[in-house]
Enquirer: 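Sharing a structure here in structure tokens format.
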Protein chains: 4
Amino acid sequence: MTLRVGVLGARGRMGLEVCKAVDAAPDLELVAMIDQGDVLFSASDNHAEVLVDFTTPDVVMDNLRWAIERGISAVVGTTGFTDDRLAQVRAWLAEKPEVGVLIAPNFGIAAVLMMQFAAKAARYFESAEIIEQHHPRKLDAPSGTATRTAQLIAAAREEAGLAPMPDATKEEVDGARGASINGVRVHAVRAAGLLAHQEVIFGTDGELLTIRHDSLDRVSFMPGVLLAVRNVQKHPGLTIGIDSLLD
Amino acid sequence: MTLRVGVLGARGRMGLEVCKAVDAAPDLELVAMIDQGDVLFSASDNHAEVLVDFTTPDVVMDNLRWAIERGISAVVGTTGFTDDRLAQVRAWLAEKPEVGVLIAPNFGIAAVLMMQFAAKAARYFESAEIIEQHHPRKLDAPSGTATRTAQLIAAAREEAGLAPMPDATKEEVDGARGASINGVRVHAVRAAGLLAHQEVIFGTDGELLTIRHDSLDRVSFMPGVLLAVRNVQKHPGLTIGIDSLLD
Amino acid sequence: MTLRVGVLGARGRMGLEVCKAVDAAPDLELVAMIDQGDVLFSASDNHAEVLVDFTTPDVVMDNLRWAIERGISAVVGTTGFTDDRLAQVRAWLAEKPEVGVLIAPNFGIAAVLMMQFAAKAARYFESAEIIEQHHPRKLDAPSGTATRTAQLIAAAREEAGLAPMPDATKEEVDGARGASINGVRVHAVRAAGLLAHQEVIFGTDGELLTIRHDSLDRVSFMPGVLLAVRNVQKHPGLTIGIDSLLD
Amino acid sequence: MTLRVGVLGARGRMGLEVCKAVDAAPDLELVAMIDQGDVLFSASDNHAEVLVDFTTPDVVMDNLRWAIERGISAVVGTTGFTDDRLAQVRAWLAEKPEVGVLIAPNFGIAAVLMMQFAAKAARYFESAEIIEQHHPRKLDAPSGTATRTAQLIAAAREEAGLAPMPDATKEEVDGARGASINGVRVHAVRAAGLLAHQEVIFGTDGELLTIRHDSLDRVSFMPGVLLAVRNVQKHPGLTIGIDSLLD
């Protein structure tokens, strides 16, 4: 039995990749490719069981209401979900308790695993630091992923009752020790040739554990999208992020 | 309330480190340091609740019987535990269901976490390879840790029903692609200056996840020993390895 | 004063990149873009001083004879240069001693520097090993660059009279220690998500020097092409590779 | 023919290592081990040709005057050489033009090669950043080696007329982008388990070159000391650092 999948935003950069990936997966069937100008009904007419939405903030809410009303689950990569919007989606879902909607800002499995592993390892090491490395066109430093990782580490350390990290630095050229995010030092490298990378270093006297993530191409999101497509019906209600699918 | 700890093999290289580590931990109290020529009774006289044994294969079984009979739990780093010996320990423990004995070939937390993370990540990536790097005095290649990691990865891939890893190699200089351990390629680097390192690389088109472990000094085993000391009483019966303490 | 440059194979993948790079360089002027169906004379008519040839083996020799006869220097990335062909080019150049032709199999500056640094470092360390990492569609293992690097290291070690590298391996799972290229161990990793990477590790008791190269995109060849364009006239005669431009 | 070597400070930590290293080298002969309370004349009586000085700032000048007067060359690892002291040594050497004295703050060959390679590579890449990693007991950040490397890179970039590095950072958590040393960003990681490490990353669109140095043990200085011992006589006058011996 294959799972019947429709793609909204099918002619966009990400949507196109999703169509290709669904098409190539033996357990999935691509039954509708919908974009601006197409009607949503082609999805229901073709008995889509799951919709993937990589559209735009101005149409995604209409798409979701339409899908939920018809009992179709959805995997959403479109951005712009405020707390209000999430509350609205939850309200719609309350009427249809068997439907699942998964909204994720990032479908990269490796990044999510890196954060999960970092959160788990944090309690066992005296020290933890993060080095993230990106292309020089990036506007913010550190990256959102690095900030989130630092927060997870800080929370795990606090829960485990760890002492502050050892650091005897007395003389510092401004900025050398990086940014402090909840007490975790984060260093942001920007250089031509880099894409998107992050290294989390954990240390105790005599040993180190390093978890590194390299993201080289947006095609890397497809395994995460497919994982969500295959599992969204088993998670009724609203799910944020693919983390809970990776346990 | 501190936990009262006795150390057997207290004058050996590892035992000495354990004594120091126990002594430095505010929640533990070092109540007995015992080595060849000393009597075990100093441990019971001083009300030790947990014994740590870094002795030798010829005395460890007597030590364990003595401890179990007296209801004292034990953390054991001594080697030489055959299946017969483990069965004997289990038989003794059957008589004292409240006593816990934890026997571990390796107390390095980072190495154990590396293996746990590798086992978890394995199902999500098309490819996985291992590079282990050691000093040139090492006799075997690959290392036991690398072999064990490869087995864990292979098992996780099989359970997830993954296809064989992609590899178009047609022309290979003998050995270039490493050793195959259950289908997982393992590369063993040996060079002066190296200590003990391992890198596990997971990849899918467009992204990589790398988990690296560096072991630089045997002092690194102490956090794992203390973790075992603090938890052994909560795990009655026989426990092999510190893995289950890290969940 | 700008240098006037013509590009042959201007509509090919590499030629197009060269055109863009020449166009963007303030000290270079793109005066001719020539491809199949165009006439070479547009290059001489526009007073090109240097030609860049990324065409095909069946036309490159005609292009070179034409350029040399007219006193135009050339930078060539086209493949297929046998010893016979090189001898022919040298013969043509003997008639025009002021003309320079540079033929390079690879214009990546980082790869060439990696090899130069490896060759220089080799004499100072007890051990040297190479790990190359590529996408799984690669047919040969190890890569040509890794093989060449190993040969350079072996030659430098021999010249310095170094003893064989230390390696106590007694028990080896077949292939674990990699391929031996002139006594230098080379390990070839193949995994989805990898592009083209190489790490050269040098070690002596207590310290390591590692040189790593990551090639992520063919656009990386442009700085090397431009370096050659700017310098080819200063190197009359035939030059193979960009190595000698990097001293 | 072996070279006859005397060691001053022979019972110190470094001196002892030097004695062992000289003794183990087939082309060197250890003819004098001198420390506090011993007389320098045992070196001349035993016809030492080169002295190695790992003593203290309060005696090293007397040692050097004595050696230079007798025509004995010297390799010096003792610290505390002010400009005045160096001028004094030069004045003594002016009287004995055949004698060589080499004073080095650091005999690690890998660190020196890392700096040489970085200086050479700097001109060919758009971007360069440095990550240095040390144990948390270090007082200064960044390390002296990182600062020196950054200065070398900045100087090479300026000489080559490179444009400033690309960096679009608009929003920065204070310190995230590291310290700027002459325009080169330097990041200092401090974590338990680390020893002394440095990574220099060079990048251009599409490729990266990374040079990494790991210093794990002071024994790593011995190859540099022996290199100096073997070559100091060929470099009459005063030489600072082992750099010029590595060309």
Side-chain angles (χ1 to χ4, degrees), chain A residues 125-144 146-147 150 162-182 184-195 197 199-210 214, chain D residues 125-144 146-147 150 162-182 184-195 197 199-210 214:
Chain A
F125 295 89
E126 277 179 67
S127 301
E129 298 213 2
I130 298 173
I131 304 167
E132 56 94 329
Q133 312 192 354
H134 284 84
H135 56 82
R137 297 173 304 285
K138 190 168 175 57
L139 299 177
D140 55 326
S143 70
T147 300
L162 294 195
M165 302 184 203
D167 183 354
T169 308
K170 282 263 159 51
E171 234 179 285
E172 182 191 356
V173 179
D174 211 40
R177 290 286 292 115
S180 172
I181 306 285
N182 297 9
V184 179
R185 297 287 175 159
V186 181
H187 310 269
V189 175
R190 296 291 174 266
L194 290 171
L195 299 162
H197 319 264
E199 215 168 278
V200 189
I201 301 172
F202 293 102
T204 287
D205 259 13
E207 70 173 1
L208 298 166
L209 178 71
T210 305
D214 298 87
Chain D
F125 294 88
E126 278 179 67
S127 301
E129 297 213 4
I130 298 173
I131 304 167
E132 57 95 325
Q133 312 192 353
H134 284 84
H135 56 82
R137 297 173 304 283
K138 189 167 176 58
L139 298 177
D140 54 326
S143 70
T147 300
L162 294 196
M165 303 183 202
D167 184 356
T169 309
K170 281 262 159 55
E171 233 180 287
E172 182 193 358
V173 179
D174 210 42
R177 290 286 293 115
S180 172
I181 305 285
N182 297 8
V184 179
R185 296 287 173 159
V186 182
H187 309 269
V189 176
R190 297 291 175 267
L194 291 170
L195 299 162
H197 320 263
E199 215 167 278
V200 189
I201 300 171
F202 294 103
T204 288
D205 258 12
E207 71 173 1
L208 298 166
L209 179 71
T210 305
D214 298 87

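A, B, ... follow the sequence lines: proteins, then strands. Residue 1 opens every chain.
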Enquirer: When rounded to the nearest 0.5 angstrom, what is the spacing between CZ in A/Arg185 and CZ in D/Arg190?
Expert: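 Nearest 0.5 Å value for the CZ-CZ distance: 10.5 Å.
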
Enquirer: Given that the side chain runs from C-beta out, which part of A/Leu194 has a heavy atom under 4.5 Å from chain D: side chain, backbone, both or neither?
Expert: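 Contact with chain D: backbone and side chain both.
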
Enquirer: Between A/Gly203, A/Pro166, A/Pro136, which has the largest tally of heavy atom pairs under 4.5 Å with chain D?
Expert: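 Ranked by contacts with chain D, first place is A/Pro136.
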
Enquirer: How close do A/Ser127 and D/Ala192 get, heavy atom to heavy atom, and via which atoms?
Expert: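 Result for this residue pair: OG-N, 2.9 Å.
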
Enquirer: Please state whether the side chain, the backbone, both or neither of D/Leu195 comes within less than 4.5 Å of a heavy atom of chain A.
Expert: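 Neither part, no heavy atoms under 4.5 Å.
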
Enquirer: Can you tell which part of D/Leu139 gets under 4.5 Å to a heavy atom of chain A, answering side chain, backbone, both or neither?
Expert: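 Both backbone and side chain.
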
Enquirer: When rounded to the nearest 0.5 angstrom, what is the spacing between NZ in D/Lys138 and OG1 in A/Thr169?
Expert: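 Between D/Lys138 NZ and A/Thr169 OG1, I get 9.5 Å after rounding to 0.5 Å.
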
Enquirer: Give the member of A/Glu126, A/His134, A/Met165, A/Arg177 that has the highest number of heavy-atom pairs under 4.5 Å with chain D.
Expert: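 Greatest number of close heavy-atom pairs with chain D: A/Arg177.
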
Enquirer: For A/Ala188 and D/Glu129, work out which heavy atoms get closest and say how close.
Expert: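 Heavy atoms of A/Ala188 and D/Glu129 come nearest at O-OE1, 4.2 Å.
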
Enquirer: Can you check whether A/Leu208 reaches D/Gln133 side chain to side chain, under 4.5 Å on heavy atoms?
Expert: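 Result no, sub-4.5 Å side-chain heavy-atom pair not found.
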
Enquirer: With chain A, which of D/Asp140, D/Asp205, D/Val189 has the greatest number of heavy-atom pairs at distances under 4.5 Å?
Expert: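 If we count pairs closer than 4.5 Å to chain A, D/Val189 comes out on top.
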
Enquirer: Could you look at D/Glu207 and say if it's the side chain, the backbone, both or neither that has a heavy atom under 4.5 Å from chain A?
Expert: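 Interface part for D/Glu207: backbone (N, CA, C, O).
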
Enquirer: Taking every non-hydrogen pair under 4.5 Å, which of D/Lys170, D/Glu171, D/Glu172 racks up the most with chain A?
Expert: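 Winner by heavy-atom pair count: D/Glu171.
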
Enquirer: Checking side chain to side chain contact (heavy atoms under 4.5 Å, CB included) for the pair A/Val186/D/Val173: CA distance, chi angles, key distance, verdict?
Expert: CA-CA 9 Å; A/Val186 181; D/Val173 179; over 6 Å; no

Enquirer: What residues, two or more places apart in sequence or in another chain, satisfy side chain to side chain donor-acceptor pair (under 3.5 Å) together with A/Ser180?
Expert: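 Not a single residue meets the side chain to side chain donor-acceptor pair (under 3.5 Å) criterion with A/Ser180.
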
Enquirer: With only heavy atoms counted, which part of D/Asp174 is less than 4.5 Å from chain A, the side chain, the backbone, both or neither?
Expert: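 Only the backbone of D/Asp174 comes within 4.5 Å of chain A.
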
